[in-house]
Amino acid sequence: MKIRVHVSLKPGVLDPQGRAIHHSLEGLGFAGVNDVRAGRLIELDVDETVSDAALDEMCRKLLANMVIENFRIEKVAA
């Protein structure tokens, strides 16, 4: 089973990477971009026996920093 974990910074947490992307977009002449928030995507290939609770625990213990990040788990159709 394919799993995608989307990790993003919580609202209010400074995002220097997003700010740099925003600045670069402006420098390239792209107008109308109000804000940029950068995150990351983690793809897992797991057995069908891996439970939702186990996936949640993986995210909370390793894949996301729960102090400053949120995560969303997406199951991808094969």
Do L44 and F71 sit in the same hydrophobic cluster, where Ile, Leu, Val, Met, Phe, Trp and Tyr count as joined when their side-chain heavy atoms come under 4.5 Å apart? yes
Minimum heavy-atom distance P16-L14, with the two atoms named: CD-O, 3.5 Å
Take atom CZ of R40 as the centre, draw a 6.0 Å sphere, and report whether it contains more than 12 heavy atoms from other residues, nucleotides or ligands. yes
Any idea which heavy atoms bring V13 and R37 closest together, and the distance? O-NH1, 2.8 Å
Main-chain N/O of M66 paired with K10 side-chain donor or acceptor, under 3.5 Å: yes
Distance from I68 atom CD1 to S8 atom OG, nearest 0.5 Å? 10.5 Å
Shortest non-hydrogen contact from N70 toward P11: ND2-CD, 4.0 Å
Tell me the closest heavy-atom pair linking E48 and M1, and the distance in Å. OE2-CB, 3.6 Å
Would you say that more than 12 heavy atoms from the other residues, nucleotides or ligands in this model lie under 6.0 Å from the CG of L41, or not? yes
Scan L63, L62, D56 and name whichever one has a side chain to side chain contact (heavy atoms under 4.5 Å, CB included) with R60. D56
Given side chains that start at C-beta, do those of V33 and E26 come closer than 4.5 Å, heavy atoms only? no
Decide if atom NE2 of H6 counts as having more than 12 heavy atoms of other residues, nucleotides or ligands within a radius under 6.0 Å. yes
With the side chain counted from C-beta on, respond yes when V5 and M58 share a heavy-atom pair under 4.5 Å apart, and no when they do not. no
Partner of R4 by side chain to side chain contact (heavy atoms under 4.5 Å, CB included), out of V76, I73, I42: V76
How many angstroms lie between CG in D52 and CD1 in I3, if you round to the nearest 0.5 Å? 7.5 Å
Please give me the minimum heavy-atom distance between V7 and A64, naming the atom from each residue. CG1-CB, 4.1 Å
Minimum heavy-atom separation for A38 to I21, with atom names? CB-CD1, 4.3 Å
